[in-house]
Amino acid sequence: MPELPEVETIRRDLAAPLLGRRIERVRVYHDDLVLGGSSRQTFQRNVRGRYFGTVARRAKYLLFPLHDDASHQGPPARIMRVQLRMSGQFAIGPTRPDTDDFRHPGLDLRLDDGQTLFYDDVRRLGGFDLLRPSEWLAVENRLGPEPLENGFTVAGFRAVLAPLRAPIKNVLLDQKRLAGVGNIYASEALFRAGIDPRRPAGSLSSEEVGRLRRAVRAVLRAALRKAGTTIKDYRAVNGQSGSFQNELRVYGREDAPCRTCETPVTRLVQAGRSTFFCSRCQSD
DNA sequence: CTTGTACCCTGACCGC
DNA sequence: TGCGGTCAGGGTACAA
């Protein structure tokens with residue numbers, strides 16, 4: 001499901017209603033909700049009674065600082081990290097949403113204002129874990145730059161790509177090289193940059209790296225403005241779909257005419273995942 | 001170190 | 001109606 005624009009949309013929806021709220025009660029529906037081998041009992045004990053700070057996002061992770069004091073100042077006691085993976089969803093309200101796409105409860109957090117934060121996940125691939133600030137820092141340091149922030153420079157991107165022989169598409173999906181890009185936006189960015197997804201990353205010219213960087217940023221920003229892409233499961237916190245699926249140029253459009261040159265869009269498999277591209281617009 | 005593959009899980013869809 | 005195969009926005013463990 002969610003890549004950077006979708007996760008960021010969810011973060012924006014959750015930040016205000018959670019800030020400063022105390023967690024009164026925790027319900028975990030199954031063991032595999034807690035990632036990383038710690039027990040659900042430990043998880044529940046470390047969440048109950050704490051206060052939310054400001055919700056953050058890094059790569060495709062949602063980060064919920066949990067504080068011991070109501071003022072939620074200073075470093076949090078724990079950071080609750082959520083990976084939505086393919087089908088995780090959040091909702092917040094007095095009762096669980098009564099909709100067909102919210103029938104696989106994963107976790108409920110009852111808040112001190114009568115609202116409950118609901119997490120639902122059909123495929124159960126997503127989950128939660130708790131990190132101390134120092135542990136999070138170690139994880140953080142292994143992630144690539146945020147594409148929409150200033151740290152994502154042409155020079156830095158060129159240095160990352162230069163030694164790699166893997167196809168550029170695969171590299172865009174690798175969170176330790178660049179954070180937040182997933183399968184949809186990788187194909188879309190390469191189309192916008194006019195670069196063949198099979199090209200070895202290190203073979204891109206400086207000019208092509210610059211074009212790709214611009215394309216990645218442009219497509220993520222455009223998707224963010226449309227509250228993300230809903231293919232199937234993704235919903236914002238209020239249950240609304242995104243609308244960027246209406247603006248995709250290649251993703252999911254196998255055999256349909258390229259919007260630029262009418263050539264049928266090609267689908268191929270790279271690293272076990274579908275890549276969509278235009279063999280005419282994206283060639284040297 | 002880099003790279004590729006299998007796997008986690010459920011549900012939708014397609015051809016027979 | 002049912003059955004088997006394929007595919008889906010992600011990430012990790014493991015092998016080569």
Side-chain angles (χ1 to χ4, degrees), chain A residues 1-10 29-38 57-62 81-90 99-106 119-129 131 139-140 142-144 159-190 197-203 216 219-220 223-224 226-236 241-248 250-255 267-276:
Chain A
M1 167 208 1
E3 308 181 31
L4 186 155
E6 292 77 29
V7 180
E8 179 61 21
T9 299
I10 290 168
Y29 286 81
H30 44 79
D31 287 330
D32 51 7
L33 183 103
V34 181
L35 302 173
S38 122
R57 178 197 56 77
R58 176 79 166 93
K60 301 169 195 167
Y61 303 138
L62 280 166
R81 173 175 63 160
V82 179
Q83 305 185 46
L84 299 162
R85 301 270 174 102
M86 302 291 262
S87 54
Q89 291 188 69
F90 277 107
T99 56
D100 282 343
D101 57 11
F102 218 89
R103 300 243 186 271
H104 301 82
Y119 175 79
D120 190 282
D121 189 350
V122 187
R123 292 175 67 183
R124 306 208 322 265
L125 297 173
F128 291 56
D129 61 359
L131 303 170
V139 173
E140 218 275 325
R142 275 179 251 124
L143 292 168
V160 165
L161 300 184
L164 302 176
R165 275 166 299 171
I168 184 62
K169 158 70 166 15
N170 299 18
V171 174
L172 289 178
L173 295 182
D174 185 344
Q175 302 299 297
K176 61 184 185 292
R177 323 266 185 210
L178 181 63
V181 174
N183 208 36
I184 295 176
Y185 300 115
S187 282
E188 292 295 312
L190 286 163
R198 299 165 294 191
R199 293 266 305 281
S203 76
V216 165
V219 74
L220 294 177
L224 206 39
K226 300 291 179 177
T229 300
T230 298
I231 301 292
K232 184 171 149 39
D233 295 316
Y234 165 72
R235 297 289 182 283
S241 297
S243 62
F244 195 71
Q245 62 277 12
N246 302 319
E247 300 183 28
L248 298 175
V250 286
Y251 185 85
R253 299 190 64 247
E254 183 179 16
D255 296 335
R267 183 180 88 96
L268 55 88
V269 175
Q270 296 180 284
R273 333 224 14 216
S274 290
T275 300
F276 298 88

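Across all strands shown, the partner of C:dA8 is B:dT10, judged by Watson-Crick or G-U wobble contacts whose two distances both fall under 3.5 Å.
Among the heavy atoms of the strands lying under 4.0 Å from A:Tyr61 are primed sugar atoms or P, OP1, OP2 only; no base atom is included. At the heavy-atom level, A:Gly182 lies under 4.0 Å from the strands shown only through sugar-phosphate atoms. At the heavy-atom level, A:Leu173 lies nowhere under 4.0 Å from the strands shown. Here A:Asp121 lies out of heavy-atom contact (under 4.0 Å) with every strand. Using a 4.0 Å heavy-atom cutoff across all strands shown, A:Arg103 reaches no nucleic acid atom at all. Among the protein residues, A:Arg273 comes within range of the nucleic acid bases, having at least one heavy atom under 4.0 Å from a base atom.
Counting only heavy atoms from C-beta on, A:Arg124 has its side chain closest to B:dT10 among C:dG10, B:dT10, C:dG11. Comparing B:dT3, C:dG11, C:dG9 by their closest approach to the side chain of A:Ala166 singles out B:dT3. For A:Tyr234, counting side-chain heavy atoms from C-beta on, the closest listed nucleotide (B:dT3, C:dA8, C:dG9) is C:dG9. The A:Asn170 side chain lies nearest to B:dG4 when the options are B:dG4, B:dT3, C:dG10. For A:Pro167, the side-chain atoms get nearest to B:dG4 when compared with the rest of C:dA8, C:dG11, B:dG4. Each of C:dA8, C:dG10, B:dT3 was ranked by its minimum atom distance to the side chain of A:Arg267; first place goes to C:dA8. With C:dT12, B:dG11, B:dT3 as the candidates, the nucleotide lying closest to the side chain of A:Val122 is B:dG11. Comparing C:dG9, B:dT10, C:dG11 against the side chain of A:His104 picks out B:dT10 as the nearest. Checked against C:dG11, C:dG9, C:dA8, the side chain of A:Arg123 finds its nearest nucleotide in C:dA8.
Rounded to whole angstrom, the span from the CG atom of A:Leu164 across to the P atom of B:dT2 amounts to 7 Å. Rounded to a whole Å, the CD atom of A:Glu188 is 12 Å from the P atom of C:dG9. One can place NZ of A:Lys169 at 12 Å from P of B:dG4, the figure rounded to the nearest angstrom. For the pair A:Leu220 CG and C:dG9 P, the computed distance is 16 Å after rounding to whole Å. At whole-Å resolution of the value, CG in A:Leu172 and P in C:dG9 are 15 Å apart. Rounding to whole angstrom units, CZ of residue A:Arg85 and P of B:dT10 are separated by 15 Å. For the pair A:Ile231 CD1 and C:dA8 P, the computed distance is 11 Å after rounding to whole Å. As rounded to whole Å, 16 Å separates atom C1' of C:dC7 from atom CG of A:Leu268.
There is a side-chain donor-acceptor pair under 3.5 Å between A:Arg267 and A:Ser274. Residues A:Tyr185 and A:Glu6 have side chains that bring a donor and an acceptor to within less than 3.5 angstrom of each other.
At least one side-chain heavy atom of A:Leu248 sits under 4.5 Å from a side-chain heavy atom of A:Ile231. Using a 4.5 Å cut-off on side-chain heavy atoms (C-beta onward), A:Leu84 and A:Phe90 make contact. Contact of the A:Lys169 side chain with the A:Asn183 side chain is registered, since non-hydrogen atoms from C-beta on lie closer than 4.5 Å.
The separation of C:dG11 from B:dG11, taken at their P atoms, amounts to 22 Å, rounded to a whole angstrom. If you take atom P in C:dC14 and the same atom in B:dC9, they sit 16 Å apart, rounded to whole Å.
Taking side-chain N and O atoms only, A:Thr230 has no distance below 4.0 Å to OP1 or OP2 of C:dG9. Taking side-chain N and O atoms only, A:Lys60 has a distance below 4.0 Å to OP1 or OP2 of C:dG11.
Where A:Pro163 and A:Leu125 meet DNA chain B, the nucleotide closest to each residue was compared, and A:Pro163 sits on the side nearer the 5' end. Residue whose closest nucleotide on DNA chain C sits further toward the 5' end, between A:Tyr251 and A:Arg81: A:Tyr251. Mapping A:Lys232 and A:Arg177 onto DNA chain B via the closest heavy atom, the residue that lands nearer the 5' end is A:Arg177.
Formation of a donor-acceptor pair under 3.5 Å by the A:Glu8 side chain with backbone atoms of A:Arg57 is not found in this model. For A:Glu247 (side chain) and A:Lys226 (main-chain N/O), no donor-acceptor pair under 3.5 Å exists by modelled atom type.
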